[in-house]
Amino acid sequence: MKALFLWLIRFYQRNISPARPSCCRFIPTCSAYALEAVEKYGALKGGFLALRRILKCQPFHRQKTIEYDPVP
């Protein structure tokens, strides 16, 4: 399961992300955060952390600055 998640994240980073404009309001980006979380904590907890982060990074948020939010 972990290997599948890592493959999907890397596929997104290489093939889908370059075609889209940068819109992440966090450093590191959401995909880099997800990759690190899944590598560090495994598929279940890392996937949960990544999902929670992606839900926080939505385009309707009014914050104007970039936040530093590392993997715990």
Side-chain angles (χ1 to χ4, degrees):
M1 200 62 182
K2 178 180 175 179
L4 175 65
F5 279 12
L6 293 174
W7 184 85
L8 288 171
I9 295 166
R10 287 187 183 114
F11 177 83
Y12 171 81
Q13 287 178 332
R14 281 188 231 127
N15 300 312
I16 298 171
S17 184
R20 300 185 61 212
S22 178
C23 63
C24 192
R25 65 184 184 98
F26 292 107
I27 294 176
T29 63
C30 293
S31 60
Y33 181 93
L35 190 68
E36 185 179 345
V38 171
E39 284 177 342
K40 186 173 182 179
Y41 293 111
L44 189 61
K45 185 175 179 181
F48 172 74
L49 289 171
L51 179 65
R52 192 176 75 186
R53 167 72 175 270
I54 291 168
L55 291 175
K56 284 185 354 184
C57 189
Q58 41 97 2
F60 303 110
H61 194 273
R62 295 182 186 261
Q63 183 175 355
K64 301 291 185 205
T65 61
I66 295 177
E67 267 183 65
Y68 178 67
D69 184 26
V71 175

Inset, instruction - Among Ile, Leu, Val, Met, Phe, Trp and Tyr joined by side-chain contacts under 4.5 Å, find the other residues sharing a cluster with Leu44 and list them by chain and number. - result: none
Legend entry - Test salt bridge (charged side-chain N to carboxylate O under 4.0 Å, His left out) applied to Arg10 - qualifying residues, sequence neighbours left out: Glu39
Inset, instruction - Kindly give the heavy-atom pair with the smallest separation between Arg53 and Asp69, and that separation in Å. - result: NH1-O, 3.1 Å
Legend entry - ring-ring contact (aromatic ring centres under 6.0 Å, His included) partners of residues 3-22, not counting sequence neighbours, each pair once: Trp7-Phe11
Inset, instruction - For residues Gln13 and Ser31, report the shortest heavy-atom separation together with the two atoms involved. - result: NE2-OG, 3.3 Å
Legend entry - Closest heavy-atom pair and its distance - Pro70, Pro28: CA-CD, 4.4 Å
Legend entry - Sequence-distant partners of Tyr41, side-chain contact (heavy atoms from CB on, under 4.5 Å), two or more places apart: Lys45, Leu49, Val71, Pro72
Legend entry - Residues clustered with Leu55, ILVMFWY side-chain links under 4.5 angstrom: Leu51
Inset, instruction - Would you please name every residue forming a side-chain contact (heavy atoms from CB on, under 4.5 Å) with Phe48, sequence neighbours left out? - result: Arg52
Inset, instruction - State yes or no: do Met1 and Val38 share one hydrophobic cluster built from I, L, V, M, F, W and Y residues joined by side-chain heavy-atom distances below 4.5 Å, directly or via other members? - result: yes
